[in-house]
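Residue numbers begin at 1 in each chain, while the letters A, B, ... track the order of the sequences. On a predicted model such as this, the values are computed, not experimentally measured, just so you know.
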Number of protein chains: 2
Amino acid sequence: MKRNLSRETRMALEPRKQPRQERSSKVVDRILDAALTLTREQGTKTPTTLAIAQRAGLSVGSLYQYFPNKEAILLDLARRWLSSFPEVIARRIEVTPPTNRDEFRQEVRKLFIDTSKIYLENATLMPVIEAISGNADLRPIQDEYDEQIIALYAAWLQHVNPALEDKIASRLGVLMMDVGHACRLVGLKRDRKTYDLIEDDVERMWLALVTPYLNLD
Amino acid sequence: MKRNLSRETRMALEPRKQPRQERSSKVVDRILDAALTLTREQGTKTPTTLAIAQRAGLSVGSLYQYFPNKEAILLDLARRWLSSFPEVIARRIEVTPPTNRDEFRQEVRKLFIDTSKIYLENATLMPVIEAISGNADLRPIQDEYDEQIIALYAAWLQHVNPALEDKIASRLGVLMMDVGHACRLVGLKRDRKTYDLIEDDVERMWLALVTPYLNLD
DNA sequence: AAAGAATGCGACTAATTATTCGCGTTTGTC
DNA sequence: GACAAACGCGAATAATTAGTCGCATTCTTT
């Protein structure tokens, strides 16, 4: 039975039940591991329930003990990543805003380093993120997170320059996110040295993007 | 019957036969129109053959008179877009290379304007492009085009600065393409005024990305 | 060790959808 | 206007896959 995720099930992406016995929490881990490995192997295509079960050494039925549907498995993998973004950006808004060009440059750099760290720490998850973006059912959920992240980038910009108009802040926010994301995905597929070079590239681009809008002397 | 596009059919994405009678070339147009409209309506998800046929006022069977499979329809829509990129970049390599910072800035601007034009002229196709990227079967084909485009960006960079190492050129090429693509997709979803502002943003970013690697006085 | 709860199983169901094929209809040609 | 080729049709086929359900096994508790 093909489900209509968009309707009822969207509400039900939470784990179906908590594992009560020790063996079963290991099972949950095995399911998540299998889903991750398969997604990495297959590139964009999301793995089938059967494939996940087999790779985890389980039967399909067991999947549904802990997850209400296939999407929930992938989403579980992505959630930590998706939610660490808002946290990190929010933390960069708490500090006192910069007052001159040099301090400002420093603030960009800090935000930049912090976000980069998220990508490096979650490098193995990237194929899942890409798969989610390419999946018609999961895309909307990621979009919700993206909205949040954009809003926070915009808030950060207005924190750095309180005079910045909302409209401009949100436009620059989107671009910061998308440019950062696109470039870092490229970077993570290359070797570490290239990743670092791309990081420098992104930093220059961010600065070029944002500087004209921060009328600092 | 679900087909295995990746194997045999990949070779057979060409139209199955040329329309011989007048009515039928109109049919081909109707099919393409329907596919385009539906893709635009549905966002990421590619339309089903039945939906395309119905929207075109045809039966499924008629689709297969002219297209070997569903993918070929979408690809037909995307092809003009995909192939106009190489043309445009190649044309920018034919001119005499710039010799000073100002001429160089001009060259970036020209490449930039030309590529922007492709996006504006094909704005209605963008949902198809996005759908193709999200489709496991079609992605590889787009990737081939992307390779080509990246190589041309790299060639352009080396045309502008012949001393530029291959490795650096190809890295910057990828980033130019991806940054341009990501930002312009955002731009086309906004109003024209915002699109133009984003264009300025992209130009600044391109310049910031590329300038350090072009040791001009 | 026995009961009952939790977990695991996998054949089965059912939805979805790409593609085919034989037949009826339209069109172009002489 | 007759003949053949081209076109159009849509029911039927077949592949794929998400999710269920009743039974089997394992664990926990007393």
Side-chain angles (χ1 to χ4, degrees), chain A residues 1-10 12-13 15-31 34-35 38-39 42 45-75 131 135-138, chain B residues 1-10 12-13 15-31 34-35 38-39 42 45-75 131 135-138:
Chain A
M1 194 220 299
K2 283 262 166 90
R3 78 278 98 106
N4 196 334
L5 187 67
S6 330
R7 263 193 283 292
E8 312 91 79
T9 333
R10 269 249 346 235
L13 289 163
R16 184 164 275 185
K17 68 176 159 190
Q18 293 300 321
R20 302 280 162 90
Q21 300 179 356
E22 200 203 349
R23 62 172 164 164
S24 66
S25 56
K26 276 184 193 158
V27 164
V28 171
D29 287 346
R30 271 196 291 161
I31 294 170
L38 285 167
T39 308
Q42 300 186 3
K45 201 177 277 175
T46 57
T48 67
T49 50
L50 184 67
I52 295 173
Q54 282 182 338
R55 181 62 68 97
L58 295 165
S59 75
V60 243
S62 301
L63 262 49
Y64 290 87
Q65 289 282 335
Y66 306 104
F67 298 96
N69 52 54
K70 196 182 77 165
E71 279 68 28
I73 299 174
L74 291 182
L75 211 57
N135 178 303
D137 288 322
L138 289 169
Chain B
M1 194 218 301
K2 280 262 167 90
R3 77 280 100 107
N4 197 334
L5 187 67
S6 330
R7 262 191 284 290
E8 313 92 80
T9 332
R10 270 264 321 253
L13 288 163
R16 183 164 274 185
K17 68 175 159 191
Q18 293 300 323
R20 302 281 162 91
Q21 300 179 355
E22 201 204 348
R23 61 172 165 168
S24 66
S25 57
K26 276 184 193 158
V27 164
V28 170
D29 287 346
R30 271 197 290 163
I31 293 170
L38 284 167
T39 309
Q42 300 185 4
K45 201 177 278 175
T46 57
T48 67
T49 50
L50 185 68
I52 295 173
Q54 284 182 339
R55 181 61 68 97
L58 295 164
S59 77
V60 247
S62 301
L63 261 49
Y64 290 87
Q65 288 283 336
Y66 305 104
F67 297 96
N69 53 54
K70 194 182 77 166
E71 280 67 28
I73 300 175
L74 292 181
L75 210 58
N135 179 303
D137 288 322
L138 289 170

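Of the candidate nucleotides D/dC9, C/dT19, C/dA11, D/dC9 has the atom nearest to the side chain of B/L58. Closest contact between the side chain of B/S62 and the listed nucleotides C/dC9, D/dG19, D/dG8 involves D/dG8. Counting only heavy atoms from C-beta on, A/N69 has its side chain closest to D/dG19 among D/dC9, D/dA11, D/dG19. Side-chain atoms of B/T49 lie closest to C/dA18 of the nucleotides C/dC9, D/dC9, C/dA18. Comparing D/dG10, C/dG10, C/dC9 against the side chain of A/V60 picks out C/dG10 as the nearest. Side chain of A/Y66, nearest nucleotide from D/dC9, D/dA11, C/dT7: C/dT7. Closest approach to the B/Y64 side chain among C/dC9, C/dA18, C/dT7 is made by C/dA18 (side chain taken as heavy atoms from C-beta onward). Out of D/dG8, D/dG19, D/dG10, the shortest distance to the side chain of B/S59 is found at D/dG10.
Rounding to the nearest 0.5 Å gives a distance of 14.5 Å between CD1 of A/I31 and CZ of A/R55.
Side-chain atoms of A/K45 do not come within 3.5 Å of backbone N or O of B/D137 as any donor-acceptor pair. Remark: the backbone N or O of B/P47 is paired with a side-chain donor or acceptor of B/K70 at under 3.5 angstrom.
Rounded to whole Å, atom P of D/dT17 lies 8 Å from atom NZ of A/K70. Atom C1' of nucleotide C/dG8 and atom CD1 of A/I31 are separated by 11 Å, given to the nearest angstrom. Between B/L74 atom CG and C/dA18 atom C1' there is a gap of 13 Å when expressed in whole angstrom units. Whole-Å rounding puts the B/D29 CG to D/dC7 P distance at 14 Å. Atom pair B/Q65:CD and C/dT25:C1' shows a separation of 13 Å (rounding to whole Å applied). What separates CG of B/L50 from C1' of D/dT13 is a distance of 15 Å, to the nearest Å. The CD atom of A/E71 sits 6 Å away from the P atom of D/dG19 (whole-angstrom rounding). In this entry the distance linking CD1 of B/I52 with P of C/dT17 reads 12 Å, nearest Å.
Listed here is the closest heavy atom pair of B/I52 and B/A34: O-CB, 3.6 Å. Residue A/T39 comes nearest to A/A131 through the heavy atom pair CG2-CB, 3.8 Å, listed as atom of the first residue, atom of the second, then distance.
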